[in-house]
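Heavy-atom basis, side chains included; hydrogens, waters and symmetry copies ignored. Per chain, numbering begins at 1; letters A, B, ... match sequence-line order. In this text, all values refer to a predicted model and were calculated from it rather than measured experimentally.
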2 protein chains.
Amino acid sequence: MTSVPSSSPSRVPAMTDVAALAGVSHQTVSRVLNNHPNVSERTRLRVQAAITELGYRPNSAAKALVTGRSQTIGVVAQSSTLFGPASLLAAFNVAAAQAGFAVSVASIRELDRGSFRDAVERHLDTRVAGIVVIAPVETASAAIEAVADDVPLVMVDGDPALPRPLVTVDQEEGARLATQHLLDHGHATVWHVSGPGEWFDGRGRVRGWQRTLEAAGAQVPPLLPALDWSAASGYQAGLVLSRMPEVTAVFAANDHLAVGVLRALHERGRRVPDEISLVGFDDVPEAGYFIPPLTTIRPDFDAVARASLRLVLDRIEQGSLPPHHVSIPPVLVTRDSVRDLRA
Amino acid sequence: MTSVPSSSPSRVPAMTDVAALAGVSHQTVSRVLNNHPNVSERTRLRVQAAITELGYRPNSAAKALVTGRSQTIGVVAQSSTLFGPASLLAAFNVAAAQAGFAVSVASIRELDRGSFRDAVERHLDTRVAGIVVIAPVETASAAIEAVADDVPLVMVDGDPALPRPLVTVDQEEGARLATQHLLDHGHATVWHVSGPGEWFDGRGRVRGWQRTLEAAGAQVPPLLPALDWSAASGYQAGLVLSRMPEVTAVFAANDHLAVGVLRALHERGRRVPDEISLVGFDDVPEAGYFIPPLTTIRPDFDAVARASLRLVLDRIEQGSLPPHHVSIPPVLVTRDSVRDLRA
DNA sequence: GCCTCAGTTGTTAACGCTAACACTGAGCGG
DNA sequence: CCGCTCAGTGTTAGCGTTAACAACTGAGGC
């Protein structure tokens, strides 16, 4: 395998070293590297040989300085182990690497205005080529609005009201899928344990749930909002649900909440799916091994990552483009947590 | 809130613009920015005023070019939604941001030699100040060995045999804690569902388990290795465990596996903890809401992140330092998945 | 044979910053 | 009162790359 020197003999070779070895000017080397048309095949080969011989690798800082842009995409995300955000980040990293872009992640601890602004500004300092903000709550909006229009920026799970390109999971469709599935299995109505109210994701899911019920002529039960997306909050909601005899179907806004609901119902002797049916959202890898295996909604995080990458890349290459909203539909994954009452 | 211009009026202000406004040379501005001693208070204030007035922000590409190092730490990690790696990455991002460093993540899809090498080289191209490699398997070792000694590089969960600074969770201690806990509750021996054999993490846990049994004079049952860290693999192991009447205590190498084990035992009518006790590893946020709530080992990912950051930073500031191994002890979190047989 | 022109290559000047060194003038000992 | 020191400041030269333009080549048209 090739060795990766750093200062081994004297110093890292620069473009001029390659040029000297190949007997051309450094500009010709630059042309070869950037695939400029007017370079003869003969020189191209000689330069390439010199490059490999020296193990030359372009200095991206110098390139960034002169072009004003680095080959890096800045991501702003909350540091979180929640399955959704974590999956998204992982998928985006892979997609960006394939496109030849480095990814610089500015993790923020809290989803407040200042954190978002600082993170965006840090990225601007390093002259990133584009920015992707995972902006699931309204506090991100102010920070995003303050960014100049000509900065290639796309939001993921952000505010649809902002005039910025946006990629989201189609939350409303996911909620519709979940709710309709329960309705189709003979449940008179469906209760909903929603995520925290500030999250756009959660709001979309609430909307989809509510509209589906209304469209079906079903009664809309009171919402059970969770404080956060955790199992602990789901547990609290489950404790409440377990006390109401008329509850037969529950849609939890994500799988973490569903775990908590499941636990609470189990603890209080309410059997799933026999007495209460449950549908989650996210399809965490363990969902198929819950007790019982959880029917849930699976978003396509890879598709979201690819779409957001494509949007930034378009804007990087072509400058300002009209804001464009992309919505990725999720799918229903049926397992054993829903009982068919029609049987 | 301050606006974040990019090309709003004419162009982004540079150091010379600040200098002109403050009536000093650009070098003085540089000195103010880098807290050089010999700057009079009066000038310092004038420069700072000019900086805020113009909204000047230093161009890090230029700085990186001239110094040869950027204020960025490169991380090589597998793109994964496994709780351990994801937590670590999140914690590292936060720690680095607090220290004023940007984090560039090179996600690799597969843990093979080539992927590791490419990721490291990409970071070297961008002249990162230091590199942190999450290198849980042996294939990473070759890539790491090829890196020049004077590059500040630290491994996390890597090969202890390599002469490089290393930070790990004390796997052996964690496994000891889990095994001893079961032994202490009157179990004659403890079975172990291990992670995939290539992972150093998994090997350490196996070692800790085995040594603890030996030290206690308990019989060491055959190892049940999982193909990967997933619930699906845990489920397979659980199916096997459920068929052996003598099994009363199981230590699963992580919580994802434990979910699968729990599911398999439940499915086959073996009650936890009544018939079989189970301990996991990682303390995923849901662990307290499993059925039953899972007793598990909690690693301190924040501490691992901080320690690895400190090691790179030391090496960045002081050049080559002797390789230093840091091992962070985890703690036992007791919940309801272990039965006391002594009662 | 000379001019033109496309194709190829070289030269020069940035980009925004830091490092090294040069300069200034006040303070102070002799 | 000269010269030394030293804090405070300015000047200059890069860092490694791309962009703009200049300069050379040889082929083809007149």
Side-chain angles (χ1 to χ4, degrees), chain A residues 6-7 10-48 50-51 54-72 102 124-129 316, chain B residues 6-7 10-48 50-51 54-72 124-129 316-317:
Chain A
S6 141
S7 75
S10 50
R11 69 175 219 291
V12 188
M15 199 175 261
T16 47
D17 301 316
V18 176
L21 181 59
V24 296
S25 74
H26 71 276
Q27 181 59 261
T28 300
V29 177
S30 170
R31 280 192 267 256
V32 171
L33 252 47
N34 296 289
N35 295 314
H36 274 246
N38 296 338
V39 179
S40 73
E41 200 49 30
R42 227 174 64 87
T43 14
R44 182 184 305 280
L45 290 174
R46 240 171 347 130
V47 169
Q48 261 149 4
I51 287 175
L54 292 178
Y56 166 75
R57 336 206 77 225
N59 181 325
S60 49
K63 178 167 181 164
L65 176 59
V66 72
T67 59
R69 310 242 100 142
S70 64
Q71 280 284 99
T72 297
L124 256 18
D125 286 357
T126 62
R127 306 299 191 269
V128 291
I316 290 169
Chain B
S6 142
S7 76
S10 51
R11 70 175 216 293
V12 188
M15 198 175 262
T16 48
D17 301 315
V18 177
L21 181 60
V24 296
S25 76
H26 70 277
Q27 182 59 260
T28 300
V29 177
S30 170
R31 282 192 265 256
V32 171
L33 252 47
N34 296 289
N35 295 313
H36 274 246
N38 298 338
V39 179
S40 73
E41 200 49 31
R42 230 175 62 89
T43 345
R44 183 185 306 280
L45 289 174
R46 245 180 333 139
V47 169
Q48 261 149 4
I51 287 175
L54 291 177
Y56 166 75
R57 334 207 78 224
N59 181 325
S60 52
K63 178 169 183 162
L65 176 60
V66 72
T67 60
R69 311 240 102 142
S70 63
Q71 280 283 98
T72 297
L124 257 18
D125 286 358
T126 61
R127 305 299 189 268
V128 291
I316 289 169
E317 284 157 16

Does A/S60 reach a base, just sugar-phosphate, or nothing at all? Heavy atoms under 4.0 Å. nothing

Return no unless some side-chain N or O of B/S40 is found under 4.0 Å from OP1 or OP2 of D/dA7. no

Over how many whole Å does the gap from B/Q71 atom CD to C/dT18 atom P extend? 11 Å

CE of B/M15 versus C1' of D/dG10: gap in Å, rounded? 14 Å

Main chain of A/S70, side chain of A/R127: is a donor-acceptor contact present, judged purely on distance under 3.5 Å? no

Can you give me the closest heavy-atom contact between A/R57 and B/D125, atom names plus distance? NH1-OD1, 2.7 Å

Distance check needed: D/dG16 P versus A/L54 CG, whole Å only. 14 Å

Indicate the atoms forming the closest heavy-atom contact of B/L54 with B/P13, along with that distance. O-CG, 3.6 Å

To the nearest 0.5 Å, how far apart are CZ in A/R69 and OG1 in A/T126? 10.5 Å

Would you check, one step at a time, whether the test side-chain contact (heavy atoms from CB on, under 4.5 Å) holds for A/S60 with A/Q71? CA-CA 8 Å; A/S60 49; A/Q71 280 284 99; over 6 Å; no

Separation of C/dC15 P from B/K63 NZ (nearest whole Å): 21 Å

Under 4.5 Å between any side-chain heavy atoms of A/Y56 and A/L21, yes or no? no

Residues from residues 25-33 of chain B lying under 4.0 Å of DNA chain C - heavy atoms: B/H26, B/Q27, B/S30

Closest non-hydrogen contact found for A/V32 with A/V39 is CG2-CG1, 4.0 Å

For B/N35 and C/dT18, what is the distance between atoms CG and P respectively, to the nearest whole Å? 12 Å

Distance test, side-chain N/O of A/N34 to OP1/OP2 of D/dT18, below 4.0 Å: yes

Would you please confirm or rule out a distance under 4.0 Å between OP1 or OP2 of D/dG8 and any side-chain N or O of B/N38? yes

Using whole Å, what does the distance between atom P of nucleotide C/dC17 and atom CG of A/N59 come to? 17 Å

Can you see if the side chain of B/T67 gets near the phosphate of C/dA19 - specifically, an N or O under 4.0 Å from OP1 or OP2? no

Can you tell me how far C1' of C/dT9 sits from NE2 of A/H36, to the nearest Å? 13 Å

Closest to the 5' end of DNA chain D, once B/L65 and B/V39 are matched to their nearest nucleotides, is B/V39

Whole angstroms only, please: what is the CD-C1' distance between B/E41 and D/dG8? 13 Å

